[in-house]
> 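This is the structure I have questions about; it appears just below.
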Protein chains: 2
Amino acid sequence: MGTTQLETVPEPKYWHLKTVLSEALDSEFAVGEILPNERELAARFGVARATLRQALEQLELEGRLQRRRGVGTTVAPPRVGVDVGSESGPHTWPGAPGDAWHTDDHACVAAPSTVAQLLDVDTEAPVHAVRRSRMTGGQQVASEILYVPADTVPAVPTDAEGAEGAGGTTHPTARARTVLRALHQCELGGQDRTVELGSARADDARRLDRLPGAPVLVVTTRYLVDGRTAAVSLATYRADTCRLSFSDGDAMSLMAS
Amino acid sequence: MGTTQLETVPEPKYWHLKTVLSEALDSEFAVGEILPNERELAARFGVARATLRQALEQLELEGRLQRRRGVGTTVAPPRVGVDVGSESGPHTWPGAPGDAWHTDDHACVAAPSTVAQLLDVDTEAPVHAVRRSRMTGGQQVASEILYVPADTVPAVPTDAEGAEGAGGTTHPTARARTVLRALHQCELGGQDRTVELGSARADDARRLDRLPGAPVLVVTTRYLVDGRTAAVSLATYRADTCRLSFSDGDAMSLMAS
DNA sequence: AAGTGGTCTAGACCACTAC
DNA sequence: TAGTGGTCTAGACCACTTC
């Protein structure tokens, strides 16, 4: 008799709520529009605020919503496709002319253990750390640290070797550019990448205008010279707003939506 | 006098908790070991269970923990690196000999709107949908649907054209293999990939042994023939256990950890 | 100062697994 | 049946943005 379903699957409330909201977003809201606040939405749907928030969290994770403390919840634009280097074709060093990154900063630090392992250097050994950022449409979408062991670019002095002693304190950004220039002297033998889910550390979160712990896509790139790992880059992309694209050189047509 | 910090940054409890737990995992627990249950952990740290759960959720997101209803919370092994096709070198069709996937199933369905858009077919038009799954270490890590428009493989009958009428009902798996074989006849002109964060739909969640809404990495691959999109694959990887690797052909050394 | 989302609490009950 | 994690509630207070 067309009885639809005998409650065999008690779907969680927040899951159902998410579906309802998702459809409402498609049909009744425009991008950038601001939703009613959480307390009102919860009341309207007859659920506790925590339950409503569980649904909103999921929608934000999927890039449908954007929530900002003190402001409100808005309908997010479709995810932007960010090109993460064409894998076919020749590989290039970071900082090559015309790449999408801005060079920010430089320091000499001890590499994090995971990076030290990839670089095959001692955990204590200081390495160059070049910080870069990537903008798209006025928004910062990614933050990167490029780790370069001292012996990959022997011509560049480390802080410890008195870069500030001789010739005055050079600007961090200038030092960063020096490291990149030195890298370009090496012949890049190859590279490989991995992508995984992570949560933003406090500093990255601030840079990406998110709260600490926000979901991010972590792209780890290993740069090879003579079969050896000459540098490692750790790039952190906003998972809510980005779709990483590994486009073919041949197939650079646009993937809409 | 060594006063460390004057509460200028009131770190959230769950964030601090996450740090503490993370360090405890490194030093005091072995992979696979089962943690005390949530009620006890919450009591031990003097927080509400919801707060404790917020910390656990983050750690699970980062692949440090694995929680299973009715069982408990265990320490997760390091993420497995799953190779998502070497991008350099010749591209291959799915189902090529030696690939990591198992062919499961076949149906003729209307493509989801996002896929229809990529394929440039009408939303209503039925397309072949081949379902495949990928195992690693006894665990299913990914679930894929390959959408192939009827006119890419004209030799293969769609359900509507009476595949079941003539010659008896063929097995779904057999039909799936037929579609793949037909694909291999076409000359693959290129491909491109995108990676983004998503949440598992109910069916994928079941297959991946997760709850609905679990975070997944969605890999969208477009296969090109004569500059036209001849097929689209939507692959869903468990974000908690997988690290996607886009290895170079030259650089197939192992990325540990 | 008013209004927003973010954090936190202390409970309750449910769905699932294993014994 | 006992024990686990998953869902849900009704409230409180906090941090932040905006006016």
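Predicted model only: the values in this text are computed from it and were never measured.
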> Tell me whether Arg68(B) at atom CZ has more than 12 heavy atoms from other residues, nucleotides or ligands lying less than 6.0 Å away.
no

> Looking at Arg53(B), does any N or O in its side chain come under 4.0 Å of the phosphate oxygens OP1/OP2 on dG6(D)?
yes

> Between dG5(C) atom P and Glu38(A) atom CD, what is the distance in whole Å?
5 Å

> Separation of Lys13(A) atom NZ from dG6(D) atom C1', in whole Å?
15 Å

> Find out whether Arg132(A) and Asp99(A) are in side-chain contact, i.e. whether some heavy atom of one side chain is under 4.5 Å from a heavy atom of the other.
yes

> Can you tell me if Asn37(A) touches the phosphate of dG3(C), counting only side-chain N or O atoms and a distance under 4.0 Å to OP1 or OP2?
no

> Is there a side-chain contact between Thr241(A) and Arg79(A), using heavy atoms and a 4.5 Å cut-off?
no

> Can you tell me if Thr73(A) touches the phosphate of dG5(C), counting only side-chain N or O atoms and a distance under 4.0 Å to OP1 or OP2?
yes

> Atom CG of Leu65(B) and atom P of dG5(D): how far apart are they, to the nearest Å?
11 Å

> Using a strict threshold of under 4.0 Å (side-chain N to carboxylate O), is an ion pair present between Arg207(B) and Asp104(B)?
no

> I need a per-nucleotide contact map over nucleotides 11-19 of chain C, read 5' to 3'. Cutoff is protein heavy atoms under 4.0 Å; write B for the base, S for backbone only, - otherwise.
-BB-BBB--

> Between Ile34(A) (CD1) and dG3(C) (C1'), how many Å, whole number?
10 Å

> How many Å lie between CZ on Phe45(B) and P on dT9(C), as a whole number?
13 Å

> Whole angstroms only, please: what is the CZ-C1' distance between Arg67(A) and dG3(C)?
16 Å

> Rounded to the Å, how far apart are Glu57(A) CD and dT7(D) P?
12 Å

> Please state how far atom OH in Tyr14(B) lies from atom P in dG5(C), giving the value in whole angstrom units.
17 Å

> Could you pull out all donor-acceptor pairs under 3.5 Å where a side-chain atom in residues 134-142 of chain A meets a protein atom, sequence neighbours excluded?
from, atom 1, to, atom 2, distance (Å)
Arg134(A), NH1, Asp83(A), O, 3.0
Arg134(A), NH2, Asp83(A), O, 2.9
Gln140(A), NE2, Ala142(A), O, 3.2

> Could you walk me through whether Lys18(A) and Glu11(A) satisfy the salt bridge (Lys or Arg N to Asp or Glu O under 4.0 Å) test, starting with their C-alpha distance in whole Å, then the side-chain angles of each, then the deciding distance to 0.1 Å, before giving a yes or no?
CA-CA 11 Å; Lys18(A) 181 193 138 184; Glu11(A) 199 176 47; over 6 Å; no

> Any base atoms under 4.0 Å from Leu211(B), or only sugar-phosphate, or nothing? Heavy atoms, all strands.
sugar-phosphate

> Any side-chain N or O of Thr51(B) under 4.0 Å from OP1/OP2 of dT9(C)?
yes

